[in-house]
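The next block holds one structure in the form of structure tokens; read it before the comments.
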Amino acid sequence: MRTCYTGQVSTEHLDSVVTLFGWVHRRRDHGGVIFIDLRDREGLAQVVCDPDREDVFRTADRIRNEFCVRVVGKVRRRPEGTTNPNLRSGEIEVLCHELEILNASVTPPFQLDDDNLSETTRLTHRVLDLRRPPMQKNLMLRYRVAMEVRKFLDAQGFIDIETPMLTKSTPEGARDYLVPSRVNPGQFFALPQSPQLFKQLLMVAGFDRYYQITKCFRDEDLRADRQPEFTQIDCETSFLSEVEIRSIFEDLIRKVFREVIGVDLPARFPTMEYAEAMSLYGSDKPDLRVKLQFTELTEVMKGVEFKVFAGAANMVGGRVVGLRVPGGAELTRSEIDAYTQFVGIYGAKGLAYIKVNDVTKGRDGLQSPIVKNIDDAALAKVLALTGAANGDLIFFGADKAKVVNDAIGALRVRIGHSEFGRRTGLFEAGWKALWVVDFPMFEYDEDNARWTAVHHPFTSPKDGHEDFMSSDPGRCLAKAYDMVLNGWEIGGGSVRIHREEVQSKVFRALNIGPDEARAKFGFLLDALQYGAPPHGGIAFGLDRIVTMMTGAESIRDVIAFPKTQRAQDLLTHAPSEVDEKQLRELHIRLRSVEAKA
């Protein structure tokens with residue numbers, strides 16, 4: 001039996017004999033004395049193998065990196081000048097009395113302390129990658145987050161209830177992962193995109209406060225903060241208002257950050273309406289660390305000669321905004337060209353700008369190819385509304401509102417996070433949390449000429465907005481709320497519809513007829529008729545929260561066995577082909593890619 005974890009050996013163990021287990025992180029031969037850096041999940045300890053102990057020394061001479069070993073030895077202080085303040089065990093070393101090789105290792109494909117590994121190499125050899133101290137730290141932190149969540153929710157009276165993994169396909173915004181049924185030919189289960197319907201049923205069933213840390217599945221295009229399978233902290237509660245729900249879960253996040261990484265988030269998170277967030281930042285998850293905001297210029301540009309601006313300003317659903325960058329006149333042409341190329345990713349056709357050299361000279365104090373196409377009155381309004389000063393630069397976005405919001409919103413963050421933005425004070429380090437509330441209930445899908453739910457079709461409209469669902473769906477706001485932290489949506493939820501007649505109105509607004517509603521959601525509609533309580537909840541992305549806490553670049557760095565951006569597991573080679581016998585049992589026949597095309 002081991003005395004303690006290797007990384008926990010300290011001066012508390014001085015002069016005692018300890019038994020340690022772990023892996024050889026590094027072996028060093030210093031003129032006849034062999035040093036072994038022994039590693040386990042808690043860290044490193046230095047083991048000294050003296051030639052006076054011939055058996056120990058002979059074994060140490062055979063050892064190589066990543067051998068799994070047992071060490072028995074006496075803890076002593078390191079010689080003066082050799083301590084390592086970065087390690088808990090940095091003041092001590094273990095003089096080895098016994099050394100046993102539990103299992104040898106072939107030469108690893110990479111050094112575990114190499115910080116320049118490609119992601120492909122890491123995911124292909126994920127078991128070894130997980131041995132690396134940064135990955136061990138990340139997954140240990142993830143565990144602590146989950147434990148703090150469980151402790152908090154348990155103290156608040158929430159109970160952990162599992163919901164099915166094999167369920168029914170329902171429209172929730174992304175493609176379902178489908179599972180064919182062998183015993184019901186031609187029928188399919190769906191892996192849940194969330195436990196949304198089941199947690200509502202649990203509220204109807206009277207469990208009052210539910211939570212679950214659970215897997216969810218969405219077949220969607222992947223990026224740094226998405227995975228086909230991800231983990232939600234899923235919560236639901238009855239008999240509480242929207243404000244009360246937000247208060248509970250704000251306290252949860254505050255406690256988790258304090259207990260796990262020692263960060264004190266604000267005593268109360270600010271609240272921002274969705275309309276304000278889109279107006280000022282072009283995003284429903286604004287990064288408030290960046291001190292830049294949009295200036296609305298749509299009305300100003302309706303009568304100018306510059307067709308790019310006037311066309312967007314007079315377009316149905318068009319928008320023109322300015323983004324004033326204090327001190328931005330120092331940006332070089334190559335930097336501006338790079339930003340122009342960047343906004344093109346979001347559909348912008350270009351990036352107009354004005355450099356403000358001397359605001360008192362009006363047109364003559366401005367530098368830009370577009371100035372000649374804008375009249376003096378409009379230029380004066382632009383300078384006044386943006387608050388431009390000498391040395392500033394104003395970027396412009398003009399197009400459909402979505403393109404402007406996406407492109408200039410991303411530009412805002414890009415500039416703020418740049419070396420220029422940090423140097424000039426446009427970025428404020430720290431943690432900036434807020435609630436975004438009053439989301440639209442519906443958005444119009446122009447391609448299919450129909451209204452769709454912004455969140456999901458079970459979100460309750462704000463009081464007094466029920467009639468808008470039939471008369472003017474675009475005016476209808478929802479009792480929906482997102483928690484945003486440093487520009488990431490880490491949680492989102494809503495008050496749910498608990499009356500069948502309101503749910504039916506929502507289905508009608510979404511052009512879901514009675515037969516389709518019955519076929520897809522009949523079990524929920526039936527349950528709502530049996531005295532369903534007022535209820536609401538929220539779901540947090542555990543992967544995203546841990547990614548932010550660790551400072552990792554991708555959620556793949558906080559998931560033990562993630563998929564690539566092509567939804568592949570390089571370790572197990574999943575997904576993979578299956579044999580014909582399995583397909584026949586599932587009543588499935590494959591067509592070749594050529595035949596399908």
Side-chain angles (χ1 to χ4, degrees), residues 272-306 308-315 317-331 336 339-340 342-343 346 348-360 362-363 365-371 373-416 418 420-421 424-428 436 487:
M272 182 181 297
E273 293 181 357
Y274 169 88
E276 181 183 2
M278 299 305 294
S279 173
L280 295 179
Y281 307 106
S283 171
D284 59 3
K285 46 183 182 294
D287 186 346
L288 297 185
R289 295 174 299 173
V290 177
K291 299 178 181 179
L292 297 172
Q293 294 183 351
F294 290 6
T295 299
E296 189 63 52
L297 299 174
T298 305
E299 289 297 322
V300 174
M301 297 301 177
K302 283 187 174 180
V304 300
E305 293 183 8
F306 191 35
V308 173
F309 286 0
N314 290 287
M315 176 196 310
R319 188 179 191 195
V320 182
V321 302
L323 183 72
R324 180 177 72 92
V325 181
E330 73 173 70
L331 292 174
I336 293 174
Y339 285 135
T340 302
F342 172 72
V343 297
Y346 300 89
K349 301 178 183 66
L351 183 62
Y353 68 91
I354 293 176
K355 285 188 176 182
V356 182
N357 297 324
D358 188 342
V359 74
T360 63
R363 173 186 302 276
L366 306 179
Q367 179 183 344
S368 168
I370 69 170
V371 169
N373 298 314
I374 303 176
D375 59 80
D376 289 343
L379 285 174
K381 286 182 180 179
V382 168
L383 295 176
L385 290 172
T386 59
N390 294 346
D392 291 352
L393 182 144
I394 306 168
F395 284 116
F396 296 88
D399 208 310
K400 291 181 179 179
K402 184 179 187 324
V403 173
V404 171
N405 292 338
D406 290 348
I408 307 303
L411 176 65
R412 169 186 172 271
V413 174
R414 183 88 162 195
I415 293 172
S418 69
F420 164 80
T424 57
L426 300 181
F427 179 87
E428 181 182 356
V436 177

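- Within a 6.0 Å sphere centred on CD of E330, heavy atoms belonging to other residues, nucleotides or ligands number more than 12.
- The ring pair (Phe, Tyr, Trp, His ring centres under 6.0 Å) contacts involving residues 274-306 comprise Y274-F439, F306-F309, where partners must be two or more places apart or lie in separate chains.
- To the nearest 0.5 angstrom, L297 atom CG is 7.5 Å from T386 atom OG1.
- Between G318 and T298, the shortest heavy-atom distance links the atoms O-CG2, 4.4 Å.
- In terms of heavy-atom proximity, G416 sits nearest to V290 at CA-CG1, 3.8 Å.
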### Task
Let me see the working for V308 and N373 under side-chain contact (heavy atoms from CB on, under 4.5 Å), right down to the final yes or no.
CA-CA 10 Å; V308 173; N373 298 314; over 6 Å; no
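- Atoms CG and CD1, on L426 and I415 in that order, are 8.5 Å from each other to the nearest 0.5 Å.
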### Task
Please report the C-alpha distance between F396 and S368 in whole Å, then the side-chain angles of each, then the deciding distance to 0.1 Å, and finally whether the side-chain contact (heavy atoms from CB on, under 4.5 Å) criterion is met.
CA-CA 12 Å; F396 296 88; S368 168; over 6 Å; no
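- Evaluation of the side chain to side chain donor-acceptor pair (under 3.5 Å) rule for K381 yields no partner, not counting sequence neighbours.
- Remark: I408 CD1 to F395 CZ distance equals 8.5 Å, nearest 0.5 Å.
- Within the model, atoms CE of M301 and CD of E296 stand 10.5 Å from one another, a figure rounded to the nearest 0.5 Å.
- In this structure, P326 and L292 have side chains that are in contact, with non-hydrogen atoms separated by less than 4.5 Å.
- Here the closest heavy-atom approach between residue R324 and residue D392 is recorded as NH1-OD2, 2.8 Å.
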### side-chain contact (heavy atoms from CB on, under 4.5 Å) between I354 and I370, intermediate numbers included
CA-CA 8 Å; I354 293 176; I370 69 170; 4.1 Å; yes
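- Annotation for D358 and T360: closest pair OD1-OG1, 2.6 Å, computed over non-hydrogen atoms.
- Between the R319 side chain and the S279 main chain, a donor and an acceptor come within less than 3.5 Å of each other.
- Nearest heavy-atom pair, K355 versus L393, reported as atom, atom and distance to 0.1 Å: CG-CD1, 3.7 Å.
- Separation of atoms CG (D287) and CZ (R412) is listed at 6.5 Å; rounding is to 0.5 Å.
- Under the side-chain contact (heavy atoms from CB on, under 4.5 Å) criterion, V359 pairs with V356, L383, N390, sequence neighbours left out.
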### Task
Please step through side-chain contact (heavy atoms from CB on, under 4.5 Å) for the pair Y339 and L331, ending with a clear verdict.
CA-CA 10 Å; Y339 285 135; L331 292 174; 4.2 Å; yes
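- Here the CG atom belonging to D376 is positioned 4.5 Å from the CZ atom belonging to R363, to the nearest 0.5 angstrom.
- In this structure, A310 and N314 approach most closely via the heavy-atom pair O-ND2, 2.8 Å.
- Counting heavy atoms of neighbouring residues, nucleotides and ligands inside a 6.0 Å radius, atom CZ of R414 does not exceed 12 of them.
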